[in-house]
Amino acid sequence: MSIITFDNAGKRFGSLDAVKDFSITIKDGEILGLLGPNGAGKTTLMLMMGTVYRPTSGTISVNGYDVVKHPNEVRKLIGIAFQDPRLDGILSAFDVLNWHLKMTTLFDKVERRRRVEDVLKSLDLWEARKKRTWLMSGGMKKKVEDAKILVQRPSIAVFDEPTAFLDVPSRLLVWKMIRQLRDEGSTVIVATNMMDEAERLSERVAIVNKGKLVASETPEQLKGTVKGGEVLELTLNDGSEFKPGLLKEFPEVHDVKQQDNKIMVFLNSGTLLLPKIVDTLSSQGFKIESVRLKEVSLEDVFLTYTGQRLE
Amino acid sequence: MSSSPTLARDLSSPPLAKESSTRLVFQMALRDVSVLFRTPWIIITRSLAFVIQLFVFAFLISGLIHVPGLNFFQYYAVGSVVATIASISFVIGYDIFEEAEEGVLDYLLTLPISRRQFIIGRALGGALRAIIYIIPMFLVVALIEGFAQPLSIISALLSLFLLAFGVTGMSITVAVSVKSANRFDVVLALLELAVSRASTALYPITFMPLYVSVFAPFSPVSFAADSARASLVGFTLDLPAIAGLIAFVVVFLGLGAAFYFRRLEGGIYS
Ligand SMILES: Nc1ncnc2c1ncn2[C@@H]1O[C@H](COP(=O)(O)OP(=O)(O)OP(=O)(O)O)[C@@H](O)[C@H]1O
Ligand SMILES: [Mg+2]
């Protein structure tokens with residue numbers, strides 16, 4: 001059952017198409033990862049869905065409600081943890097969360113306190129609960145921002161780069177808490193430009209590039225769309241003379257991409273082919289600095305769809 | 001987490017009821033009021049400044065001004081409370097503009113409250129805050145002038161509240177319309193000047209230059225000052241002035257809510 005539908009949605013800021021002809025359906029109860037480079041339009045998509053921006057074209061509906069015609073119904077379903085923490089700096093972490101619950105739920109004081117305490121303790125922020133959020137570190141602020149949605153537990157939970165600025169233990173913890181949210185029935189959307197986050201958290205990954213949807217599948221299916229199943233990464237000392245045609249002669253090679261000195265060869269039977277490729281390149285006078293053969297990763301998928309690397 | 005909390009979705013359905021949207025408007029308003037209580041020293045210092053201004057300046061001027069039938073000190077004392085509440089009410093626009101710059105506005109716009117209710121809540125918060133802010137000054141004036149009639153005090157406060165509510169509506173309208181910081185400051189400062197200086201709050205119309213005296217009677221600050229003085233000094237209701245105040249509120253909040261605020265969109269202002 002789908003709960004959110006983007007139908008040719010677009011958002012123009014002046015002359016810039018931040019999002020263009022974007023269509024996707026999001027299923028009830030799934031974790032969807034929106035993966036895209038900086039400026040791809042992820043935040044704009046989420047804020048249109050959350051009624052903060054009005055789409056300039058197309059429609060978006062949430063649980064059957066059009067975001068423009070019935071914004072209030074939509075707001076009752078969605079909670080957004082913003083990319084940059086959006087906190088009343090003068091308030092303490094406790095008060096920020098308590099106020100958020102007052103505005104978004106009907107819980108009484110006791111239940112609000114129970115939830116806030118629960119989440120702040122899990123995130124190791126209980127000691128700092130009385131600290132004004134403007135005095136908090138970047139990572140602490142970010143955790144308070146995520147905590148808003150973790151205490152609210154909305155039907156549709158949006159996390160915009162939930163683990164940016166977080167240390168490794170905190171990242172793992174936030175991922176776990178997001179999964180719990182989904183286990184309890186929420187639909188979760190996570191915008192990210194981190195491969196591991198998209199891969200480890202999402203059941204489905206939508207790749208967004210330049211405001212457009214370029215692919216959306218499970219991480220496994222996405223990897224399957226990359227021909228060959230293996231990637232040979234070569235680093236040359238000078239890539240300026242390199243021509244992909246040189247390696248495309250081999251029948252096992254499906255695609256070759258180049259970024260400066262880095263050559264990515266998508267192929268099968270990599271172990272057998274490797275010596276031949278090295279020979280071919282050496283005979284043409286290229287010096288090879290490093291060679292790495294690996295299975296296709298989401299990163300490679302991303303590269304084939306967008307022509308860009310993220311990290 | 002040890003215990004897994006119950007889902008909001010189970011508990012908030014059936015959807016938030018009508019009375020809860022009134023509650024949310026009120027919560028929104030309280031948020032602005034509470035800012036005042038986090039910085040109580042502002043009220044104290046401003047009240048002191050007010051008293052000094054009143055005694056030094058008004059006392060001096062009232063010695064120079066002699067209009068038959070007019071106690072200028074009294075006139076000025078009431079008027080300066082009115083002028084103060086007008087300028088304090090403008091602050092809410094700056095608050096909202098700042099929230100937009102910092103992005104907190106985007107967050108507030110995701111909360112389950114309509115745009116209309118959001119703006120009305122904020123205007124109400126700004127107005128209540130302004131009333132609370134001037135209460136000490138109002139008491140000082142009431143005390144020295146011996147305004148002891150509870151009914152006239154209540155009707156004067158009502159005029160002040162209407163003024164504050166209209167001014168907050170106007171200030172918010174500017175804040176959500178002008179999306180450039182420089183222009184916003186200029187527009188709001190000019191409006192503030194126009195509304196409060198070109199008014200009968202501090203000086204009777206006979207003392208004004210012609211070009212001001214043409215507009216002054218129509219300033220909402222004049223309406224509030226005239227009706228507050230009518231109730232406090234004359235124990236009467238200045239009905240045309242009260243009607244003017246209500247019209248002012250309707251224009252900036254009623255019409256704004258009906259046609260304009262619905263279109264309010266997020267995005268960081270620059
Ligand atoms: N309020 C706005 N006004 C004008 N342009 C905007 C606004 N918000 C976003 N943009 C532009 O729209 C494009 C998409 O931005 P968006 O923030 O949606 O990207 P993103 O995918 O979230 O990027 P990031 O990974 O950096 O967060 C960018 O070019 C950005 O400059
Ligand atoms: Mg973003």
Side-chain angles (χ1 to χ4, degrees), chain A residues 13 43-44 46-47 50-54 71-91 95 99-107 111 114-115 118-119 121-123 132 145 148 150-158 173 176-177 180-181 183-186, chain B residues 1-21 23-32 34-39 95 98-118 121 179 261-268 270:
Chain A
F13 291 112
T43 298
T44 307
M46 294 305 94
L47 293 189
T51 76
V52 178
Y53 294 151
R54 260 192 318 278
N72 246 11
E73 299 306 320
V74 175
R75 286 177 202 132
K76 285 174 193 161
L77 298 170
I78 296 186
I80 301 183
F82 283 83
Q83 179 172 0
D84 308 309
R86 303 282 162 90
L87 310 168
D88 270 334
I90 197 164
L91 295 187
D95 289 345
W99 194 77
H100 183 74
L101 283 182
K102 272 191 196 167
M103 293 303 291
T104 54
T105 68
L106 295 170
F107 298 138
E111 176 65 13
R114 193 182 74 76
R115 285 187 173 224
D118 205 13
V119 170
K121 279 187 173 157
S122 302
L123 290 172
R132 286 189 173 180
E145 181 69 29
K148 281 197 225 163
L150 294 169
V151 293
Q152 180 192 350
R153 314 194 87 67
S155 302
I156 299 169
V158 176
L173 189 66
K176 187 174 135 214
M177 292 171 87
Q180 267 169 4
L181 198 56
D183 293 344
E184 288 166 24
S186 295
Chain B
M1 276 179 299
S2 46
S3 65
S4 70
T6 355
L7 259 188
R9 54 193 299 178
D10 300 334
L11 290 161
S12 56
S13 58
L16 303 171
K18 192 91 189 159
E19 64 265 21
S20 89
S21 75
R23 177 183 68 88
L24 294 182
V25 171
F26 192 63
Q27 279 298 341
M28 219 25 123
L30 274 186
R31 178 172 168 271
D32 286 312
S34 69
V35 170
L36 197 58
F37 291 101
R38 273 190 230 105
T39 46
D95 288 351
E98 200 176 294
E99 285 169 359
E101 282 184 312
E102 291 168 355
V104 175
L105 182 62
D106 286 359
Y107 162 60
L108 297 175
L109 294 181
T110 64
L111 297 172
I113 178 171
S114 73
R115 296 289 189 262
R116 210 172 291 183
Q117 292 167 330
F118 171 70
K179 296 202 170 185
F261 300 146
R262 269 188 321 135
R263 299 193 55 80
L264 175 58
E265 211 179 350
I268 305 220
S270 54

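Within every chain, numbering begins at 1; the chains are lettered A, B, ... in the order of the sequence lines, protein sequences first and strands thereafter.
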Under 4.5 Å from a heavy atom of chain B, the part of [X] involved:
X        : answer
A:Leu173 : neither
A:Lys121 : neither
A:Leu77  : neither

- Query: Do A:Lys148 side-chain atoms and A:Arg86 backbone N/O form a donor-acceptor pair below 3.5 Å?
  - Reply: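 A pair under 3.5 Å: yes.
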Taking salt bridge (charged side-chain N to carboxylate O under 4.0 Å, His left out) as the definition, give me every residue that meets it alongside B:Asp95, ordered by chain and number, with sequence neighbours left out.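 Partners of B:Asp95 under the salt bridge (charged side-chain N to carboxylate O under 4.0 Å, His left out) test: B:Arg129.
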Neighbour count above 12 (heavy atom, 6.0 Å) for B:Phe26 CZ: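 Atom CZ in B:Phe26 is not crowded, with 12 or fewer foreign heavy atoms closer than 6.0 Å.
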Sequence neighbours excluded, the answer for side-chain hydrogen bond (donor to acceptor under 3.5 Å, both in side chains) partners of B:Arg31 is A:Asp88, B:Glu99
Answer key: most heavy-atom pairs under 4.5 Å with chain B among A:His100, A:Lys102, A:Arg75 is A:Arg75
